[in-house]
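Structure record follows, encoded as structure tokens.
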Amino acid sequence: FQGITSVHSAHQGSDWMDLVSGLCQYLPEQRLPMLPGGVDRVKSHNWYEGFDWAGHRAQKMTPPHLPRVENREDLRNFDTSWINRPEEISYVSDGTGWDKNFGE
């Protein structure tokens, strides 16, 4: 792996591509939040211009989409067709017993 050297998107601008490439460097110490300035480098990136970080921290932001849900069993927002379910993978114990207390 060499990390991401270039990012291309027909739907995003150069700020988004710069942010993605800054976050996806192969060496962790070269990733955007690991450079001098830390996480503030991400928060002040041009792609986040106008983003309400205080509202985000306070959990007061309006979500961009509120799905319609009538009750706890309402699955209309999920594809429940058996044909679209992921392949089931059977569990095979490795014999160490690391999972012996699960489900208690």
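Along the sequence shown, residues are numbered consecutively beginning with 1.
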(request) Give, for atom CE of M34 and atom CD of E29, the distance between the pair rounded to the nearest 0.5 Å. (result) 8.0 Å
(request) Output all residues satisfying side chain to side chain contact (heavy atoms under 4.5 Å, CB included) with L66, sequence neighbours left out; order by chain, then residue number. (result) P63
(message) Applying side chain to side chain donor-acceptor pair (under 3.5 Å), can you list everything that pairs with N77, at least two apart in sequence or on another chain?
(response) none
(message) Going by the rule side chain to side chain contact (heavy atoms under 4.5 Å, CB included), which residues pair with I89 if we only count those two or more places apart in sequence or in a different chain?
(response) none
(message) Please report the interatomic distance CG(L19) to OG(S14), rounded to the nearest 0.5 Å.
(response) 11.5 Å
(request) Output every pair passing salt bridge (Lys or Arg N to Asp or Glu O under 4.0 Å) with a member in residues 69-80, not counting sequence neighbours, ordered by first then second residue. (result) R68-E70, E70-R76, D74-R76
(message) Restricting to side chain to side chain contact (heavy atoms under 4.5 Å, CB included), what partner residues turn up for S93, sequence neighbours left out?
(response) Y91
(request) Output every pair passing side chain to side chain donor-acceptor pair (under 3.5 Å) with a member in residues 38-55, not counting sequence neighbours, ordered by first then second residue. (result) D18-H45
(request) Considering non-hydrogen atoms only, spot the tightest contact between G22 and Q25 and give its length. (result) O-CG, 4.0 Å
